[in-house]
Peer 1: 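Please see the structure below; I have some questions.
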Protein chains: 2
Amino acid sequence: MSQSFTEENYLKHIYKLSKKSDKGVSTNALAERLETKASSVTDMIKKLAAKKLVDYKKYQGVTLTKKGQKIAVDIIRKHRLWEVFLLEHLGFGGEEVHDVAEELEHINSAELVERLDKFLGYPKYDPHGGPIPDSEGIFPEPKRVKLDELEVGRKTKVMGITEHSDAFLLHLKKLGMELGTDFHLKERFDFDRSVEIELNNKTIQLSHDVAKNIFVAH
Amino acid sequence: MSQSFTEENYLKHIYKLSKKSDKGVSTNALAERLETKASSVTDMIKKLAAKKLVDYKKYQGVTLTKKGQKIAVDIIRKHRLWEVFLLEHLGFGGEEVHDVAEELEHINSAELVERLDKFLGYPKYDPHGGPIPDSEGIFPEPKRVKLDELEVGRKTKVMGITEHSDAFLLHLKKLGMELGTDFHLKERFDFDRSVEIELNNKTIQLSHDVAKNIFVAH
DNA sequence: ATCAAAATTTAGATAGGTCTAAAAATAAAT
DNA sequence: ATTTATTTTTAGACCTATCTAAATTTTGAT
Ligand SMILES: [Mn+2]
Ligand SMILES: [Mn+2]
Ligand SMILES: [Mn+2]
Ligand SMILES: [Mn+2]
């Protein structure tokens with residue numbers, strides 16, 4: 001069975017949104033992500049459910065089935081491999097890459113993907129740090145690094161801490177950082193090694209004492 | 001204005017078929033090429049005509065407008081650039097390449113095409129000898145000529161073909177002619193324009209139908 | 001010039017994807 | 001517990017691309 005571009009985009013975004021919480025993905029959230037209307041989402045979800053790619057109960061949101069998940073992960077694999085190619089071999093910079101990868105990810109050829117993967121040297125992460133699943137859909141073990149060593153510009157997430165005092169835990173809680181919290185490392189200031197991060201649309205400063213005690217995904 | 005994959009494929013095949021004769025491309029010829037029905041072709045042609053991409057009068061066949069031609073040539077450019085990439089960099093062999101290029105040619109990004117072209121070293125011909133037009137739509141000067149126009153007596157080599165049917169490919173294989181094969185044009189017979197060539201120490205006759213479909217080095 | 005065959009176009013139907021407006025269900029407030 | 005607001009679904013419509021079957025035009029033979 002083969003999917004349309006549209007179906008593949010739905011599956012991919014259901015996958016990504018479902019990581020954010022453990023409940024089903026809501027119709028509105030999906031509509032916003034896909035820049036379409038809620039009614040269109042409902043229609044499409046029904047079609048995907050008929051194909052057994054998602055589980056769906058009215059008003060309860062959607063989740064991917066195993067089959068749907070496999071397809072979603074494969075799209076992500078292709079997207080990230082193409083981004084590696086565009087950035088590292090064609091010399092693309094920054095933004096433009098994503099839109100092109102958004103189209104290339106739908107090119108349908110297992111042979112092509114495997115050869116591209118080989119050509120690129122079997123990368124495990126794309127240039128934004130996004131992990132690239134293998135052809136079985138297995139993601140690489142996320143390398144962990146301390147926040148004070150991470151390259152500026154990375155999107156990352158909290159993977160662990162090396163300091164377990166109540167004071168530190170309370171501090172993190174107040175900042176809104178917990179295990180799994182996603183954020184973006186915007187800047188590091190050389191004079192005191194403090195960092196500036198963006199988390200939940202807020203910009204926050206962290207001292208080096210804090211940063212050096214947080215493990216983040218690389 | 002942007003075209004669908006389908007529209008682009010129509011334009012490309014109208015372009016290619018229109019090279020074969022100087023009359024408009026017939027509905028049936030297009031239907032056969034595109035593996036669809038004549039009625040579907042009529043529908044699509046009307047739409048392309050409404051967009052001013054083709055000129056069309058009922059029952060008279062279609063021709064491309066300047067605008068349509070530009071798009072068609074650009075698709076051919078992309079197709080051939082991708083084939084160079086797939087064959088020379090990803091290590092694809094023979095057949096598989098074409099189908100993948102058939103999809104890749106529709107990826108919509110001028111930036112991508114220019115960067116790919118640069119990455120490949122601005123090739124002028126694809127690995128099958130097909131000329132690659134530049135971004136302005138200009139084809140390279142053919143340092144190639146069809147075998148039925150080559151001067152008698154020349155030593156030359158197979159540079160490409162203009163007929164890609166299985167029957168023709170098989171025929172060439174049987175004759176021992178493939179891309180790059182060297183041979184010597186010994187004689188041309190005026191009464192049927194057949195030619196006699198010497199290849200691997202054997203003397204072979206080729207009908208005009210065969211000769212006119214083989215590109216050779218000039 | 002007439003008739004038959006082939007090519008082409010039209011009519012009507014189906015399926016995918018989307019939208020607006022209205023109805024129904026759920027969640028939040030009072 | 002009611003009422004109100006929000007979310008989600010349904011109903012009905014539209015556009016693209018395709019098909020089959022029937023009608024029309026052109027081509028080619030007699
Ligand atoms: Mn991306
Ligand atoms: Mn996409
Ligand atoms: Mn090709
Ligand atoms: Mn194509």
Side-chain angles (χ1 to χ4, degrees), chain A residues 1-14 17-18 20-64 68 71-72 75 102-103 105-106 108, chain B residues 1-14 17-18 20-64 68 71-72 75 102-103 105-106 108:
Chain A
M1 201 194 306
S2 183
Q3 288 74 43
S4 67
F5 281 28
T6 308
E7 289 173 315
E8 290 183 347
N9 283 331
Y10 269 83
L11 293 173
K12 186 177 74 169
H13 285 107
I14 292 169
L17 287 171
S18 69
K20 305 227 159 179
S21 103
D22 41 1
K23 304 188 352 190
V25 174
S26 80
T27 302
N28 267 0
L30 213 39
E32 186 178 1
R33 249 317 180 59
L34 294 160
E35 298 179 48
T36 185
K37 303 294 169 175
S39 54
S40 304
V41 171
T42 303
D43 287 346
M44 178 57 81
I45 284 172
K46 284 180 183 168
K47 208 176 62 175
L48 294 174
K51 290 190 177 184
K52 308 274 189 197
L53 299 175
V54 301
D55 289 318
Y56 169 60
K57 285 198 209 72
K58 276 188 195 176
Y59 296 98
Q60 301 309 123
V62 266
T63 54
L64 294 174
I71 294 167
I75 302 296
E102 202 58 47
E103 294 193 42
E105 69 188 359
H106 304 291
N108 194 346
Chain B
M1 199 193 308
S2 182
Q3 287 74 43
S4 68
F5 280 29
T6 308
E7 290 172 314
E8 291 183 347
N9 282 331
Y10 269 82
L11 292 173
K12 184 177 74 169
H13 284 106
I14 292 169
L17 287 170
S18 69
K20 304 227 161 179
S21 102
D22 42 2
K23 302 182 5 183
V25 175
S26 80
T27 302
N28 267 0
L30 258 180
E32 186 178 1
R33 249 314 181 59
L34 293 161
E35 296 179 51
T36 185
K37 304 295 172 179
S39 54
S40 304
V41 171
T42 302
D43 287 346
M44 178 59 81
I45 284 173
K46 285 180 184 168
K47 208 174 63 173
L48 294 174
K51 291 189 177 187
K52 309 274 190 195
L53 299 174
V54 300
D55 289 317
Y56 169 61
K57 285 200 209 70
K58 277 190 192 177
Y59 295 98
Q60 302 307 125
V62 265
T63 53
L64 294 175
I71 294 168
I75 302 297
E102 202 58 47
E103 295 193 42
E105 70 188 0
H106 304 292
N108 195 345

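Residue numbers start from 1 in every chain, and the chains themselves are labelled A, B, ... in the order their sequence lines are given, proteins ahead of strands. Just so you know, these numbers come straight off a predicted model, no measurement behind them.
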Peer 1: Output the rounded distance in Å from NZ (Lys51(B)) to C1' (dT16(D)).
Peer 2: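 Spelled out: NZ on Lys51(B) to C1' on dT16(D) is 10 Å.
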
Peer 1: Tell me if the NZ atom of Lys52(A) is crowded by more than 12 foreign heavy atoms within 6.0 Å.
Peer 2: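 Atom NZ in Lys52(A) is not crowded, with 12 or fewer foreign heavy atoms closer than 6.0 Å.
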
Peer 1: Give Thr6(B) one of three labels, base, sugar-phosphate or nothing, depending on what nucleic acid heavy atoms sit under 4.0 Å from its own.
Peer 2: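 If one applies the 4.0 Å heavy-atom cut-off, Thr6(B) turns out to touch the sugar-phosphate alone, with no base involved.
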
Peer 1: Measure the spacing between CD1 of Ile45(A) and NZ of Lys58(A) and express it to the nearest 0.5 Å.
Peer 2: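 Interatomic distance, Ile45(A) CD1 to Lys58(A) NZ, rounded to 0.5 Å: 13.0 Å.
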
Peer 1: Enter the distance from Ile75(A):CD1 to Glu8(A):CD here, rounded to the nearest 0.5 Å.
Peer 2: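 The CD atom of Glu8(A) is 3.5 Å from CD1 of Ile75(A), to the nearest 0.5 Å.
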
Peer 1: Rounded to whole angstrom units, what separation is found between the CD atom of Glu35(B) and the P atom of dT18(D)?
Peer 2: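 Going from Glu35(B) (CD) to dT18(D) (P), I get 12 Å.
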
Peer 1: Nearest-Å distance, CD1 (Ile45(A)) to C1' (dT7(D))?
Peer 2: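 Atom CD1 in Ile45(A) sits about 13 Å away from atom C1' in dT7(D).
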
Peer 1: Taking OP1 and OP2 of dT10(C), is either one under 4.0 Å from a side-chain nitrogen or oxygen of Lys46(B)?
Peer 2: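 Affirmative; the distance criterion is met.
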
Peer 1: If you round to the nearest 0.5 Å, how far is CG of Leu30(A) from CD of Glu35(A)?
Peer 2: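 Between Glu35(A) CD and Leu30(A) CG, I get 12.5 Å after rounding to 0.5 Å.
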
Peer 1: Between P on dC19(D) and CG on Leu34(B), what's the gap in Å once rounded to a whole number?
Peer 2: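 So the two atoms are 10 Å apart, to the nearest Å.
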
Peer 1: Would you call the rings of Phe5(B) and Phe5(A) parallel, tilted or perpendicular, taking 30° and 60° as the class edges?
Peer 2: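 Perpendicular.
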
Peer 1: Rounding to a whole Å, what distance do you find between Lys23(A):NZ and dT26(C):P?
Peer 2: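 Interatomic distance, NZ of Lys23(A) to P of dT26(C): 14 Å.
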
Peer 1: Each nucleotide N or O in nucleotides 3-8 of chain C that has a protein N or O under 3.5 Å away: list the pair and distance.
Peer 2:
from	atom 1	to	atom 2	distance (Å)
dT8(C)	OP2	Asn28(B)	N	2.8

Peer 1: Please walk me through it: do Val25(A) and Tyr10(A) pass side-chain contact (heavy atoms from CB on, under 4.5 Å)?
Peer 2: CA-CA 11 Å; Val25(A) 174; Tyr10(A) 269 83; over 6 Å; no

Peer 1: Judged by each residue's nearest nucleotide on DNA chain C, which is more toward the 5′ side, Phe5(A) or Asp43(B)?
Peer 2: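 It is Asp43(B), whose closest nucleotide lies nearer the 5' terminus.
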
Peer 1: Is any side-chain nitrogen or oxygen of Ser39(A) closer than 4.0 Å to OP1 or OP2 of dT9(D)?
Peer 2: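 Ser39(A) to dT9(D) OP1/OP2: no side-chain N or O under 4.0 Å.
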
